[in-house]
Amino acid sequence: ELVHAIQHADGNSKDKKDEAKDYLDKETEVDAFVEQIKFDKENRGEEAAEEYVKELLDHHDLSGKKREEKREELLELD
């Protein structure tokens, strides 16, 4: 979350200019989620990290192939 907040505060986020782009495809968002997943794995365990990703994908209503691709992307980048 700190990474995410800093990106927005220092202007490195293109979110406002790039609103048409899918939220979970934004580089700044992926970076922040990857950091959260790393934290969860290190401090709460693999199962907690997997659950975090599942809830994240549920929250953003991802399903099918796109869901599996995003899940793999988030878990491989950590």
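Note that these values count all heavy atoms, side chains included, but never hydrogens, waters or copies made by symmetry.
- Using a cut-off of 4.0 Å between Lys/Arg side-chain N and Asp/Glu carboxylate O, Asp25 and Lys66 are scored as salt-bridged.
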- Message: Using the rule given for side chain to side chain contact (heavy atoms under 4.5 Å, CB included), can you reason through Leu56 versus Leu24, listing the C-alpha separation, both sets of side-chain angles and the distance that settles it, and then say yes or no?
- Response: CA-CA 9 Å; Leu56 175 66; Leu24 288 179; 4.2 Å; yes

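- For Lys54, the side chain to side chain donor-acceptor pair (under 3.5 Å) partners at least two apart in sequence or on another chain are Asp58.
- The closest donor-acceptor contact from the side chain of Lys70 to the backbone of Leu62 lies at 3.5 Å or more, if one exists at all.
- Minimum heavy-atom separation, Ile37 to Ala49: O-CB, 4.0 Å.
- For Glu69, the salt bridge (Lys or Arg N to Asp or Glu O under 4.0 Å) test picks out Lys65, with sequence neighbours left out.
- Hydrophobic clustering (ILVMFWY, side-chain heavy atoms < 4.5 Å, transitive): Leu57 and Val34 are in one cluster.
- Taken from OH in Tyr52 to CG in Leu74, the straight-line distance is 9.0 Å, to the nearest 0.5 Å.
- Residues meeting the side-chain contact (heavy atoms from CB on, under 4.5 Å) test with Glu68, sequence neighbours left out: Arg71, Glu72.
- In this structure, Glu51 and Glu55 have side chains that are in contact, with non-hydrogen atoms separated by less than 4.5 Å.
- Rounding to the nearest 0.5 Å places CG of Asn43 at 13.0 Å from NZ of Lys41.
- Taking the six-membered ring where the residue is Trp, Tyr23 and His60 present parallel rings, their angle staying beneath 30° rather than reaching 60°.
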